[in-house]
Structure formats: structure tokens, C-alpha cells
S.K.: 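Shown below is the structure under consideration.
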Amino acid sequence: MEFLPALGTPTFDKAGNRNEPVTRARLAWYYRPSDVSDRTVADCRLLLAAIYSEVCELSQLRSRCYVLHRDRISDLAGWKKRPDRFYFTRLFDPWLRKEFEVIPATTVRNVPEHIREVLISRYEYIVAEREVVPDLTDDLRLCDTCEKWCPPAESLQCDRCKRFFHMECVNPPMLSKPSRGYGWTCAPCSRAHEEEVEGHDVRHLTPVPPKVKTNAPAARGRGRPRKDRVLAEKEENVEIKHFKMWPFRYFGLYTFAEDTLDPDDLIFPRAATRVGPKYQATVPAAPGVADRPTDIEERGNDGTLEVLSLVNEMSPAEVEALEKQKQLLTRNDKLKCSVDWLTEVTFRLTDAWLKKREWSTVSMRSPMRIQKWKKSETRYTDKEWSAEEVAAFEDAIQVHGAELRAVRDEVGTRSMPEVVRFYGHWKNSKLGEENVRIRIARANGVDEKAESTTREPTPDEEEGSIVMEPPRNVSCGACRTRESDVWWKAPKGLPTSVLCDNCGLSWRKYADLNVRPMREEALSKAKPGDKREGTPLNGPQSKRAKTSSSQPSPPPVVPQLRCVACQRNGPTGKVLRCKQCQFRVHAGACGVSLDSATVDSWVCDLCQNEKSLEASLIPDCLLCPRMRRDPKKKLIYPPPDSYLRACKPTEGQAWVHVLCSVFIPEINYSDAVRLRLVEGVSAIPQYRWQNSCTLCDREDGAVILCSECPAEFHVSCAWKHGHKFGFEILPVKNSRREIATTVEWKGHVGQMVPSVICKGHIGHKRQLYDLCDTNEVGETALQVFCRNYKQAPIAQTHGLLRKARRLDKILDAVVGGDLSSAASVDGDSAPSAADPHCYRCQTEFSPFFHEVTNAPRDGAKSWLCHKCHAETRKSYPVIIGIGAS
């Protein structure tokens, strides 16, 4: 970025010229993706930019490297083949701990023209959040009312006509945007929608404008890039615009467009403010604070400072007496060299000197001390580590190395600061023991110092990156070579613990290793003690000399998770685990599609609803009998160790099991890919609600039929009792192929039908595919079935209109059939069909009325409200029911 003179020398002199000699340089900072997150990136040349710089000495620089944005590189494969070439597409902010997108400034079009000109003239790139990039790169958006520019944070888009409006330009003005998941329509579109709903008209699709024809040549196909070295050299020397040494600035969600005109405006990424009554409580003053006496010292002045040492202000005689007193306070030579003990004894002697006390009054018997800014006493040094703690610490160091958090978990009895301090003392003690051994060996005439290499020393080599004494018959952990002038320490997970010079430099420079795979045939045929090298594998055993080589460590095991739906293990990407309740299920079995970056932060729908509050907080399934739970026991329901934890919201903000919604044929989805917004609960026929379950003997809930016998049961009851769930491919006749929906699954073509078979039917001949069985493209059987048979017709009708049509069918059937036939013979004494009332409590208001047959009055039909029906269910058998409008 710039060259600087020595430390303490002004950069420019009075005449404005740069001072010399130049000894330092300011470098822009870039991160590897693996340095800031746990995700693995296969491309070792991909970096993350940062608006952060550091000043270092010129002697610390190794060589020059080239870092360009991806859009500036035409031949990426050729760029990565050349040494010291890197590229970036995103930016990482070390303070916000967040990644941002980096786009060229010329692609930003949705800003006023004068602001766009300033951005293009100053900066080469723009930094923004991922969700803001489509708004910035869109065409200029103008308000349909005032015809002025609409900032994304202050504007609304109509969900039907796709026009934009300022929030203050609509009538009445909008104070905030709609919540996530909800749309907004302008007044003309709202009136047109109301007319469509009232007239039961079909909503037509929004016309798509035709593509503009152009005479431009066709885009170049994706073939092998041309190897043009002149073009590559031009890309290296391309001119990048910089403004105050930076090629990019932040222009995202929390930026005011007019502030970018100010040349002194901050260019760093920003976040939402945490100041104000929304985030901070207004706490009244504590009782008695207003009457606080004036003699109490305020914080921040000299009276509240704690003096640690004033030895520099003592006379030489007092300093000599202080040093003698130090020697008398302890006889332990280790304590006399301890930094903690020396700091504390100096503090206590200085405190005695300030209070004019004798040196003999100072004692170091108590390890506790009182500090002004702490309420209780604290230790000035850590407790002595026991032999068991030291043994656990050294064992953890052998396993985890310098990963002190894992070491802290292994020790278990020490805090993290104590482990860090003990690690420093332990490491110094080991170095001291090594130095003593070397001195004793030299005194006896043995040179224990390893031979120095011909390589020039670097700062990293001082930390022990080079193996000074490699073992015999050593081989590189990556390329398997046995010849190298310098051996480097290898990372964990490789067959050996060293790397050759080429692989070591590649690992230190690019974090890249081309690991040569082990030969499985040789490992399976030859025993660890009979490994022979130097002759072909098929040569005679007598001609191959035995060599002592260590058994290579097995490759790292990919973490596996067990799905609760199919009870099979799978990798972390395919089997998801809820971050909150630890629910584990295949992604295809619950309608979830995630990228690798958000797998670890996935939460199930029920846990997500606890924060978003978009649906009901009662997770009971509408299609299952209501479970009776003890309110005193705060248990997670449904339990996360069962597939019944997978629930989806309905159009009425209630919940339904994924299993119930899939295996009950009347249920559909608004989005069958994600299994979202269950529809059609009101379209389930009456017999499913009236028939009792053969497993739980309850009548509240919808039942299905076994595919092999006439047994009826709830879907959840069948799952709990271990019945067989799956999908069957049935052949379709040629005459019905054009009507029926057919799918292709593992070589079979036909109609996919969901089937549930009792666990007692062992010898059935049906070929069922499990819920989590996958095809060639990785889709599960449940996904394929829902996509072909469970998708609601959303292309031509609105969700509210579909619900209204279903309710119309129910009301027409009730009014035309049951209500007319339910009229009593003597209309004076019996309740009318249009106005039923409860036989017990005489109420006329109930969501549902049930007809009873064994009432005391003979010859007259009587009704029970839903509440009384639930209380006296065993006494009055239900025949039919009337829904109250």
C-alpha cells in the first residue's frame, strides 16, 4: 500500500517529500477462508479481502504476490497454475466477524446518477451484504408517486404490479416494512384482488415482457481457456483505482447514499445500532444514590488509582533495604524467579513504603490480595498443580497439541486462564531441561547440537517449523519422497510427521498439499512387519529386503449422524442436526435444502417458530389425537428422538406431522419441494374423523387404512407401534397413462402410492421403498412423491381462494343434505335444523354439533355441543355431526 521510513520518523518532511531511508511497508491484509471459519475450501488460491492493514519491516518480506478480484481474471485455471497468484470474491470484517460480497463498482445501477459517478470515480469495488446485491445491481428504481429514487431500506414493492413506492408516499404512510413472509400490495391492486375473491375469478398470471432482440454476437461457450501469456501479464499490471489507499468501500444495508459524497466518510462495514430504548433499559437511580455524600472519591482521578511500584522514587539506601527484605521473605529459589511473586512482593513493599511502615511488617504468607476494583480477595498466583492434573495436561498435549481449549476440557479442574499460564511455564521448563541436557553433553565432549542447514533463518523457523533431527528412513507425508535437504513438520492426519522441502513450502505458503494415496493392495496383502521396497510388488519375497516402516495412520473419519426416520447413518451434509433440540433427520425427509455453509446452524421448524412466532406455539398435530401432558414437566414435545418431531405449519398457523400430511391423501402443500404450508385439512371426509383407531381406541383424529387388512389407525400411532411405512410403484394401464401421473424410480415406471402395513404382516409381497431411499440424483422417495402428487394448483388460484372453494363445497353439502334431513317431525318441541342447540347445556354456539340417538325423549333428534360431547363420549354414541356456521 505504501512504503514508510523508520519508526519514529515522520512520513513526509516539511517540503512534502517522503523521508528516507525506507525501512517499513504497509501491507493490505487477506485471510484464508479456513482461518476465519470451520468450513473447508478446496481452492487454496481463494482468499478473503479485508479493510485492514499492518506495518512490517522490509526484512520480513519474502516475495511479491498478486491478488486480483475474480472478475479481473479471464483464465482462472492458468492464473492458479502460476506461483504466488491469488484471487478473492468476498470480504471478511475482523470486527463484525462477518463476510460480505465484493462487486465491481460499475455494476451498481440502483443509485442516483451523481452518487454512482462518485463511486465509480473513486473505487474499483463495492462491499455489501449478499441480500443487498440484487437491489444494488438492479435498474434505477423510482417511486411511482413522487418519481424520486427509492432506497431499498425506505421503499416498498407491490406484490402484484411490481411497482415501487416510498413508505411515506403511500396513503396512509407505512411506519415499517411487512414482516418476513408477508407481501404488500398497493391500493389499486388490493381493490382488484378483493373483486377477484368476491367474484371467484381466477387470477391470471402476471405477463412477462418479451426479451429484447439484439444483434450482439452469441456468448462464447465454456471451452478450454486460451493460454495467452500477454493477456496474463496485462492482468497482473492492470490499473486498480484506489481512494486513500483502498480499492473498495462499504455500500450496504446500513449506509446512507448521500454520505458517500463526503471524502472523509468511513469506508468500513457497519452493523445495526445497539443504542436506544429498543436495546437498552432505562434504569432509575438506586435508592440513596441521589443523596450520595460528597466525600466519596469518584472514579478516574488519582485517588482511585492503585500504585503497583514506586521503586524509581526511592533512595538508593531504601532500594538496598527493599532488596534485602525480598531475600528474607522466602527461601525458595523458584519463587525468587517467579514473575507473579516478584510483582506481588514489590506491590506490598511499595504499599508499606507509602504508608511509612517498617519493611518487617510485610509478609508473603497469604496468597490472597485485595484490589480496589474488585469486591473480594483474589489470588496473585495460581494454585499448585497436582500430579494428576499435570499428568492429564501432558496427555492432552500429546493428543491435541497446542489446542488449549481441548486441553482444558481434558484437565477439567482448571479454568482457561490457568491452563494458558501453566502451558507457558511448562513449555519453558521443558526448554530449560533441554538446555541443561545440552550443556552436560557438551561438558562431556558430545555435541548434541543438530547440524545447521544451509537455509537462511526465518522468523517462522525459530518456532520449530523445521525438523532438526529427522528419523531414519523417513518419507514425506504427502509425496512419499525420501530425499530432501530440509524436513518440515507436517500437519495432523498424514501418514508421517514430516514434509519434504517442496511440500513444506507449499503447505506454509498456500496451505495446499497434494497427498499421494496409499496403495490398498499393498496394505491388504503385506503385514506391517513384512513391508518390502525396492522391487516390484509381484517380485519374489526373497529378493526384497525388509525395511522397518511405521504403520500409516488411517484417514480421518467423516462424522456420521443417525437419521431418526430410517435409522441409518449419513454424513453431516445429508443428515441434518437441529442446533437447538438435536433432532436428526435426512434433509430430503423434511423438505430442507441447505448449502454447506449453513448446515451447522440449521434449526428445525418448531425451534425456529419459537423465535419467529409465525405459527402457533402449541405443536400438537391437527390430524392426531390430542396428547395429555403434565404441565409441570417441561419436556420437549414432540420428542427430538422421533421422526414425529418433523412438523410443518398449516394455512391456519397450526401444525401437522410431515408423516401425517404425506400419508393422508386429501392433504396438499403450497410448496411441495420444501413441504411448506399444509392445505386441505378441511377437505378430509367425515368417516376418517368418526372411525376409531385400532391401536389407541380413540376417535379424535384422522385415520388411514392398512394396505393389507381392514385395520384403521392414526398415522402417528402406526409409526409409534413400528408399522412399515413406504412407497410402492404400481403399474399403469396403457389406457390410463395419459391421465395418471407416473414416475420413474430405480428402473420402475408407474404410479407411486404411499402404503402403511401392519407389523404383523410379515409375508407380504409388496415392494416398498423407504422414506429416505434415494435415486440416482440424490432425491429421496418422499421428495419424489410429494413433488409429483402433493403439489397444490398454485399457478392459477390464490391460497385464500382455494380455501374458500373448499369451504364452499362443505357448506353446500351440509345445507343441501344433512341439515334438511335433520329436521324434526314435531317442529315445536325439537330444535330446528338451521338453529341447533345443545341438549345438556342449552347453548346455541359451538364449532360443531353432534347428533345423539339414545336421548331421553323418544322420537326426537337431539344435539350435543362439542364440549358436552367430549365429556360424555362413552354415554352417547355419535352418528353424524353438523358444523355451525
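Note that this is a predicted model, so its numbers are computed, not measured.
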S.K.: Are Arg160 and Glu196 within salt-bridge range, i.e. N to O under 4.0 Å?
M.R.: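 Yes.
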S.K.: When you measure from the side chain of His869 to the backbone N and O of Cys865, does any donor-acceptor pair fall under 3.5 Å?
M.R.: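 No, because the side chain of His869 does not come within donor-acceptor range (under 3.5 Å) of the backbone of Cys865.
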S.K.: Take Asp605 and Lys648 through the salt bridge (Lys or Arg N to Asp or Glu O under 4.0 Å) test and state the conclusion after the steps.
M.R.: CA-CA 7 Å; Asp605 292 294; Lys648 294 297 179 179; 2.8 Å; yes
S.K.: Indicate the atoms forming the closest heavy-atom contact of Ala718 with Phe713, along with that distance.
M.R.: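 Closest approach of Ala718 to Phe713, heavy atoms only: CB-CD1, 3.6 Å.
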S.K.: In Å and rounded to the nearest 0.5 Å, what is the OH to SG distance from Tyr669 to Cys786?
M.R.: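 Result: 5.0 Å between the selected atoms.
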S.K.: Looking only at the side chains, is there a donor atom on one of Thr780 and Thr774 sitting less than 3.5 Å from an acceptor on the other?
M.R.: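 No.
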S.K.: Restricting to non-hydrogen atoms, name the atom on Ala615 and the atom on Asn609 that form the minimum distance, rounded to 0.1 Å.
M.R.: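 Smallest heavy-atom distance, with atoms named: N-OD1, 2.7 Å.
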S.K.: Side chains of Tyr182 and Asp159: closer than 4.5 Å at any heavy-atom pair?
M.R.: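 No. Closest side-chain heavy atoms not under 4.5 Å.
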S.K.: Is there a side-chain contact (heavy atoms from CB on, under 4.5 Å) between Thr650 and Leu622 once you walk through the steps?
M.R.: CA-CA 9 Å; Thr650 65; Leu622 293 180; 4.2 Å; yes
S.K.: Any non-hydrogen side-chain atom of Glu651 less than 4.5 Å from a side-chain atom of Lys803?
M.R.: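 The answer is yes, as the side chains (C-beta and beyond) meet within the 4.5 Å cut-off.
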S.K.: Please tell me if the side chains of Asp620 and Trp655 come closer than 4.5 Å, counting only heavy atoms from C-beta onward.
M.R.: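 A side-chain contact under 4.5 Å is absent here.
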S.K.: Does the pair Phe725 and His723 meet the rule for a ring-ring contact (aromatic ring centres under 6.0 Å, His included), with working shown?
M.R.: CA-CA 6 Å; Phe725 285 73; His723 289 4; 7.6 Å; no
S.K.: Closest approach of Met752 and Tyr789, non-hydrogen atoms and distance?
M.R.: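 Of all heavy-atom pairs spanning Met752 and Tyr789, the closest is N-OH, 3.1 Å.
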S.K.: For Ser642 and Pro639, indicate whether the former's side chain and the latter's backbone hold a donor-acceptor pair under 3.5 Å.
M.R.: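 Pair absent, no side-chain N/O of Ser642 close to backbone of Pro639.
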S.K.: Taking atom types as modelled and ignoring hydrogens, do the side chains of Gln608 and Glu614 form a donor-acceptor contact shorter than 3.5 angstrom?
M.R.: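 There is no such pair between these side chains.
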S.K.: To the nearest 0.5 Å, tell me how far Leu801 CG sits from Ile794 CD1.
M.R.: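 Taking CG in Leu801 and CD1 in Ile794, the distance rounds to 13.5 Å.
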S.K.: Identify all side-chain donor-acceptor contacts of residues 760-773 below 3.5 Å with residues at least two apart in sequence or on another chain.
M.R.:
{"from": "His764", "atom 1": "ND1", "to": "Arg766", "atom 2": "N", "distance (Å)": "3.3"}
{"from": "Arg766", "atom 1": "NE", "to": "Glu708", "atom 2": "OE2", "distance (Å)": "2.6"}
{"from": "Arg766", "atom 1": "NH1", "to": "Glu728", "atom 2": "OE1", "distance (Å)": "2.8"}
{"from": "Arg766", "atom 1": "NH2", "to": "Ser707", "atom 2": "O", "distance (Å)": "2.9"}
{"from": "Gln767", "atom 1": "NE2", "to": "Tyr769", "atom 2": "OH", "distance (Å)": "3.2"}
{"from": "Asp773", "atom 1": "OD1", "to": "Arg568", "atom 2": "NH2", "distance (Å)": "3.1"}
{"from": "Asp773", "atom 1": "OD2", "to": "Asp770", "atom 2": "N", "distance (Å)": "2.8"}

S.K.: Sequence neighbours excluded and cut-off under 3.5 Å, please list the side-chain donor-acceptor pairs for residues 739-748, or say none.
M.R.:
none

S.K.: Please find the pair of heavy atoms, one from Val575 and one from Gly570, that lie closest to each other, and give the distance.
M.R.: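 Residues Val575 and Gly570, closest heavy atoms: CG2-CA, 3.7 Å.
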S.K.: Is atom CG of Leu613 surrounded by more than 12 heavy atoms (other residues, nucleotides or ligands) closer than 6.0 Å?
M.R.: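 Enclosed.
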S.K.: Which distance, rounded to the nearest 0.5 Å, do you find between the OG of Ser846 and the CG of Leu864?
M.R.: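 It comes to 9.5 Å.
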S.K.: After noting the C-alpha distance and the side-chain angles of Arg645 and Leu606, does the key distance pass the side-chain contact (heavy atoms from CB on, under 4.5 Å) rule?
M.R.: CA-CA 8 Å; Arg645 178 72 181 175; Leu606 292 177; 3.8 Å; yes
S.K.: With a 6.0 Å cut-off on the ring centroids, do Tyr839 and Trp863 count as close?
M.R.: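 No - the distance between ring centres of Tyr839 and Trp863 does not fall below the 6.0 Å cut-off.
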S.K.: Apply salt bridge (charged side-chain N to carboxylate O under 4.0 Å, His left out) to Glu679 and list each qualifying residue two or more places apart in sequence or on a separate chain.
M.R.: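 Counting only residues at least two positions away or on another chain, Glu679 forms a salt bridge (charged side-chain N to carboxylate O under 4.0 Å, His left out) with Arg802, Arg806.
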S.K.: I need the Cys158 SG to Leu156 CG distance, nearest 0.5 Å.
M.R.: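 Answer rounded to 0.5 Å: 10.0 Å.
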S.K.: Decide if atom CD1 of Ile618 counts as having more than 12 heavy atoms of other residues, nucleotides or ligands within a radius under 6.0 Å.
M.R.: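 For Ile618, atom CD1 is not crowded (no more than 12 foreign heavy atoms under 6.0 Å).
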S.K.: Are any of the side-chain heavy atoms of Gln791 and Val673 separated by less than 4.5 Å?
M.R.: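 The answer is no; the side chains never approach within 4.5 Å.
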S.K.: Could you tell me if the side chain of Ile667 sits less than 4.5 Å from the side chain of Val681, heavy atoms only?
M.R.: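 Yes - at least one pair of side-chain heavy atoms lies under 4.5 Å apart.
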S.K.: Gln567 side chain to Val564 main-chain N or O, any donor-acceptor pair under 3.5 Å?
M.R.: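 Checking the backbone N and O of Val564 against the side chain of Gln567, a donor-acceptor pair under 3.5 Å is found.
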S.K.: Flag the pair Phe663 / Val756 as yes when at least one side-chain heavy-atom distance between them is below 4.5 Å, and no otherwise.
M.R.: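 Side-chain contact under 4.5 Å: yes.
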S.K.: Does some side-chain heavy atom of Glu666 sit less than 4.5 Å from a side-chain heavy atom of Pro685?
M.R.: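 Pro685 reaches Glu666 side chain to side chain.
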S.K.: Once rounded to the nearest 0.5 Å, what's the spacing between atom SG of Cys186 and atom CD of Gln157?
M.R.: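 Answer for the SG-CD pair, Cys186 versus Gln157, is 11.0 Å.
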S.K.: Could you walk me through whether Arg584 and Asp641 satisfy the salt bridge (Lys or Arg N to Asp or Glu O under 4.0 Å) test, starting with their C-alpha distance in whole Å, then the side-chain angles of each, then the deciding distance to 0.1 Å, before giving a yes or no?
M.R.: CA-CA 8 Å; Arg584 302 177 305 276; Asp641 57 350; over 6 Å; no
S.K.: Quick one: do Glu871 and Arg840 satisfy salt bridge (Lys or Arg N to Asp or Glu O under 4.0 Å)? Show the steps, please.
M.R.: CA-CA 11 Å; Glu871 295 175 355; Arg840 295 185 65 203; 3.8 Å; yes
S.K.: So which heavy atom on Cys590 is nearest to which on Leu675, and how close?
M.R.: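 Cys590 and Leu675 have their closest heavy atoms at C-CD1, 3.8 Å.
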S.K.: Between Val603 and Phe583, is any pair of side-chain heavy atoms under 4.5 Å apart?
M.R.: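 The answer is no; the side chains never approach within 4.5 Å.
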S.K.: Walk me through it: do Val703 and Tyr687 pass the test side-chain contact (heavy atoms from CB on, under 4.5 Å)?
M.R.: CA-CA 9 Å; Val703 297; Tyr687 70 91; 6.0 Å; no
S.K.: Please step through side-chain contact (heavy atoms from CB on, under 4.5 Å) for the pair Val592 and Arg674, ending with a clear verdict.
M.R.: CA-CA 6 Å; Val592 180; Arg674 298 188 303 157; over 6 Å; no
S.K.: Under the 3.5 angstrom rule, does the side chain of Asn775 hit a backbone N or O of Glu779 as a donor-acceptor pair?
M.R.: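 The answer is yes, because a donor-acceptor pair under 3.5 Å joins these two groups.
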S.K.: What are the two closest heavy atoms between Cys758 and Cys709, and how far apart are they?
M.R.: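 Reported closest heavy-atom pair: SG-SG, 3.9 Å.
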S.K.: Evaluate the ring planes of His866 and Phe848, with Trp represented by its six-membered ring, and classify them as parallel (under 30°), tilted (30 to 60°) or perpendicular (over 60°).
M.R.: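 It falls in the perpendicular class, over 60°.
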S.K.: So, the side chain of Asn668 versus the backbone of Gly680: is there a donor-acceptor pair under 3.5 Å, distance only?
M.R.: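 A pair under 3.5 Å: no.
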S.K.: For the NE2 atom of His657 and the NE2 atom of His714, what is their distance to the nearest 0.5 Å?
M.R.: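 Rounded to the nearest 0.5 Å, the NE2-NE2 separation comes out at 12.0 Å.
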